[in-house]
Amino acid sequence: MSKNLKDFSKRFRTLNRSDYQNRRRNFMGDHVDFSTTRGIEFGGFDLPTVPPDLGDCAIADMRSEIHLAKVFGVPLESICAVDSIVQPGVPAYRQIGIRFDYAILCHVIEHIPDVITMINDLRELIVPGGVIFIALPDKRETPDISRPSTPLTRLVERHFDKTNWPTMTEIAEFCLAWNEDFRQQYKESKRDFFNSIRRHQLHEEPDIHVNVWQDAEFIDQMHELIAADLLPDLEVIASHPTSKPFNEFYVALRRAPEGDEEKNAASYRRESSTFSRTCNSCGLGQFKVWKRIHSPFPERL
């Protein structure tokens, strides 16, 4: 573990992950009744915000639970069953045949280059009057503290250009902030460092913090994007700033109700209650799931 990570981990050693889970639910609970609504969380991994015993909340991810266990080296039984495997670059609402009352993204947005397009896609995934809950790390409380904040113009530029990949600059900034090996390489040979970063960008799948913000910066940008009609039919209905010892802040966006559609939200929500899955073994093909299974899908089907 790098020195930066050790310093930050010491600061939060009195907290456990369930403290974060409870804090997120408390924020959401002011706007959603988990017992009567249906939600979806992207990237729930092994810490779903709304576990099955509290409510009906599906899990979506880019990988199956078996692939997640292999990639991150964790026990399969500790990972949430992934209801829908979503393909990057394709709107989630076109891949998932259900509409939800709420959607959750905990520590997801910072990894997404085109934030505007993703939020607009999620708007189509929830019913009129539905809510998008976003939890984000505050850069001041992570090793990203030294990085420049993502400006509004960067978000708009990526949206216009349909950018789905981090730049070499963003990868370099992240690696220097989070990885001691890269910092050492940078000191010893900048040429080797930049060649490594370029290879990482072109030939690998960089999973980095493309975006970094302080709490007020992101909240202000959401208001500005809504005012500019780049996030149409959405409004900021609540936000919660970063407060120590926690290192994250929250924002809730509500989709505008649409007349009669709001009255029929339940039927609209369950109109096509199927999820699309791919084979855990080969990653190809698709099959439909009509009932959520709260255990891992078989490795071969």
Side-chain angles (χ1 to χ4, degrees), residues 40-43 60-63 86-96 103-126 132-140 142-179 182 194 197-236 239 248-253 255:
I40 184 168
E41 179 166 7
F42 288 79
D61 207 294
M62 295 187 299
R63 305 178 179 96
V86 292
Q87 179 184 347
V90 180
Y93 71 89
R94 293 183 180 174
Q95 302 182 61
I96 302 174
I104 305 171
L105 298 98
C106 292
H107 293 241
V108 173
I109 290 287
E110 67 268 28
H111 296 268
I112 305 299
D114 189 355
V115 171
I116 297 173
T117 294
M118 182 177 191
I119 293 178
N120 282 327
D121 289 345
L122 291 177
R123 182 195 64 223
E124 298 301 320
L125 191 61
I126 58 176
I132 301 171
F133 294 97
I134 300 173
L136 279 166
D138 190 311
K139 75 168 194 175
R140 295 171 297 182
T142 76
D144 286 319
I145 186 171
S146 62
R147 296 177 60 187
S149 297
T150 303
L152 183 68
T153 51
R154 185 76 54 79
L155 297 184
V156 176
E157 178 183 32
R158 293 187 194 135
H159 177 59
F160 287 164
D161 292 341
K162 301 302 179 187
T163 300
N164 289 313
W165 207 255
T167 65
M168 183 175 169
T169 298
E170 290 155 354
I171 297 173
E173 288 178 351
F174 177 82
C175 289
L176 288 172
W178 288 82
N179 191 291
F182 276 111
F194 289 124
I197 296 300
R198 187 61 169 172
R199 285 194 300 271
H200 195 53
Q201 181 195 23
L202 296 179
H203 304 298
E204 300 180 27
E205 297 182 5
D207 184 14
I208 69 166
H209 290 179
V210 181
N211 306 296
V212 297
W213 294 281
Q214 297 180 27
D215 48 12
E217 294 170 336
F218 180 80
I219 295 167
D220 287 345
Q221 287 180 13
M222 291 298 99
H223 283 291
E224 292 180 34
L225 290 171
I226 291 169
D229 205 30
L230 288 166
L231 295 177
D233 300 322
L234 289 172
E235 63 172 329
V236 177
S239 62
E248 62 183 21
F249 60 93
Y250 310 131
V251 179
L253 305 173
R255 181 180 177 183

Does any part of the side chain of Asp144, heavy atoms only, come nearer than 4.5 Å to the side chain of Pro137, both counted from C-beta?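 They are not in side-chain contact.
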Kindly give the heavy-atom pair with the smallest separation between [X] and [Y], and that separation in Å.
X	Y	value
Gln87	Gln95	N-OE1, 2.6 Å
Trp213	Gln221	NE1-OE1, 3.0 Å
Leu136	His107	C-NE2, 4.3 Å
Glu217	Gln214	OE1-N, 2.8 Å
Pro113	Trp165	CG-N, 3.7 Å
Arg123	Ile132	N-CD1, 3.9 Å

Residues Met118, Leu105; criterion side-chain contact (heavy atoms from CB on, under 4.5 Å); working and verdict: CA-CA 11 Å; Met118 182 177 191; Leu105 298 98; 3.2 Å; yes
Can Leu253 and Val236 be said to form a side-chain contact (heavy atoms from CB on, under 4.5 Å), step by step? CA-CA 5 Å; Leu253 305 173; Val236 177; 3.6 Å; yes
Step by step, work out the side-chain contact (heavy atoms from CB on, under 4.5 Å) result for Leu125 and Leu122. CA-CA 5 Å; Leu125 191 61; Leu122 291 177; 4.2 Å; yes
Under 30°, 30 to 60°, or over 60°: which ring-plane class applies to Phe218 and Phe249, parallel, tilted or perpendicular?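 Geometry flag for Phe249 against Phe218: tilted rings.
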Mind checking whether His200 and Phe182 have parallel, tilted or perpendicular rings, split at 30° and 60°?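 Judged by the thresholds at 30° and 60°, the geometry between His200 and Phe182 is tilted.
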Given salt bridge (Lys or Arg N to Asp or Glu O under 4.0 Å), test Lys139 with Glu173 step by step and report yes or no. CA-CA 13 Å; Lys139 75 168 194 175; Glu173 288 178 351; over 6 Å; no
Measure the spacing between [atom1] of [X] and [atom2] of [Y] and express it to the nearest 0.5 Å.
X	Y	atom1	atom2	value
Met168	Ile171	CE	CD1	8.5 Å
Thr167	Arg154	OG1	CZ	6.5 Å
Ile119	Leu231	CD1	CG	5.5 Å
Phe174	Asn179	CZ	CG	8.5 Å
Asp215	Arg140	CG	CZ	4.5 Å
Ile109	Ile134	CD1	CD1	5.0 Å

Please name the residue in the list Asp121, Asn120, Ile96 that meets the side-chain contact (heavy atoms from CB on, under 4.5 Å) test with Pro91.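 Only one option passes, and that is Asp121.
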Pick from Ile112, Asn211, Ile208: which one makes a side-chain contact (heavy atoms from CB on, under 4.5 Å) with Pro166?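 Single side-chain contact (heavy atoms from CB on, under 4.5 Å) partner of Pro166 among Ile112, Asn211, Ile208: Ile208.
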Using a 3.5 Å distance criterion without hydrogens, assess whether the side chain of Ser239 forms a donor-acceptor pair with backbone atoms of Tyr250.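 Absent.
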Report the C-alpha distance between Phe133 and Glu41 in whole Å, list the side-chain angles of each, state the deciding distance to 0.1 Å, and finish with yes or no for side-chain contact (heavy atoms from CB on, under 4.5 Å). CA-CA 9 Å; Phe133 294 97; Glu41 179 166 7; over 6 Å; no
